[in-house]
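Heads up: the structure comes next, in structure tokens.
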Amino acid sequence: MASQRTLCIIKPDAVEKRVQGHILQRLLDEGFKVVAMRQAHLTRGQAEGFYAVHRERPFFGELCTFMTRGPVVLVALERDNAVQHYRDVIGATDPAKAAAGTIRKLYGSNVGENACHGSDSEENGRIECGYFFPGHELL
Ligand code: CMP
């Protein structure tokens, strides 16, 4: 399986719980390389743009309010089979349904406040890394 990139966002709930270090260490232990990383406090416009695919969903407003309530950590990750492996490591969207030992099971609170975001395809992994990081930071 070729090397892929995927975007991790450590969400405001996880930063508030001060577990961003645990999450990063877990990702490093899983063999991910950090290509680019920074902390940011997203604007409403950035959150709405990032989650535009969900704009018709009933939870869209709540999701954007949550994602802008405090800092997040943006991490562009690289690994063989990165997209699927990362999804396996974070677990199901709803922490209550996530497998034991996954990041969302360990650190998430509910389907909205679920500790971290993951890209759902290789194409979206590339697009999402590019949404937050300029090309020269992804070399
Ligand atoms: P994420 O991986 O960031 O991608 C989209 C996000 O929408 C998802 O994680 C959840 O945090 C959020 N989401 C999905 N379903 C719901 C829901 N039913 N209610 C609130 N938020 C949701």
Side-chain angles (χ1 to χ4, degrees):
M1 172 65 73
S3 188
Q4 296 178 344
R5 289 184 177 180
T6 194
L7 181 74
C8 162
I9 305 179
I10 302 177
K11 295 186 177 184
D13 59 323
V15 176
E16 288 160 10
K17 290 176 184 169
R18 305 172 68 89
V19 296
Q20 61 271 55
H22 295 288
I23 293 172
L24 277 170
Q25 188 61 56
R26 173 68 183 278
L27 295 171
L28 293 169
D29 291 345
E30 292 284 346
F32 289 96
K33 173 183 160 191
V34 173
V35 177
M37 176 168 67
R38 74 170 188 279
Q39 180 167 296
H41 195 146
L42 301 185
T43 64
R44 184 88 191 178
Q46 282 177 312
E48 288 180 352
F50 182 76
Y51 282 119
V53 67
H54 296 303
R55 64 184 172 276
E56 305 301 335
R57 310 286 287 272
F59 56 81
F60 181 67
E62 183 189 336
L63 174 62
C64 293
T65 298
F66 163 61
M67 290 298 290
T68 56
R69 85 174 180 206
V72 299
V73 183
L74 306 164
V75 197
L77 296 168
E78 187 172 277
R79 186 192 185 281
D80 285 357
N81 194 27
V83 172
Q84 187 57 51
H85 192 82
Y86 177 82
R87 291 172 69 80
D88 292 344
V89 171
I90 64 174
T93 304
D94 183 352
K97 297 178 184 154
T102 58
I103 289 173
R104 284 170 166 161
K105 179 59 108 184
L106 289 168
Y107 305 118
S109 301
N110 56 59
V111 71
E113 300 193 13
N114 60 357
C116 50
H117 164 79
S119 312
D120 64 1
S121 66
E122 183 178 10
E123 184 187 12
N124 282 338
R126 270 196 308 272
I127 291 169
E128 292 180 358
C129 288
Y131 187 84
F132 287 116
F133 295 102
H136 70 272
E137 292 185 15
L138 294 170
L139 293 175

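For ligands, and for the atoms within them, numbers begin at 1 and follow the listed sequence.
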Inset, instruction - Tell me the residues surrounding ligand 1, counting only those with a heavy atom closer than 4.0 angstrom, sorted by chain and number. - result: Lys11, Tyr51, His54, Phe59, Leu63, Thr93, Arg104, Val111, Gly112, Asn114, His117, Gly118

Inset, instruction - Linking directly or through intermediates, with side-chain heavy atoms under 4.5 Å: list the remaining ILVMFWY members grouped with Leu77, chain and number order. - result: Ile10, Val15, Val19, Ile23, Leu24, Leu27, Leu28, Phe32, Val34, Met37, Val73, Val75, Tyr86, Val89, Ile90, Ile103, Leu106, Tyr107

Inset, instruction - Only counting residues at least two apart or in another chain, list the ones meeting salt bridge (Lys or Arg N to Asp or Glu O under 4.0 Å) with Arg44. - result: Glu48

Legend entry - Qualifying residues under salt bridge (Lys or Arg N to Asp or Glu O under 4.0 Å), relative to Glu122, sequence neighbours excluded: Arg126

Inset, instruction - State whether the side chain of Glu78 and the backbone N or O of Val35 hold a donor-acceptor pair below 3.5 Å, judged by distance alone. - result: no

Inset, instruction - Please tell me if the side chains of Glu113 and Arg69 come closer than 4.5 Å, counting only heavy atoms from C-beta onward. - result: yes

Inset, instruction - Using atom types as modelled and distance alone, determine if a side-chain donor or acceptor of Gln46 lies under 3.5 Å from a backbone N or O of Thr43. - result: yes

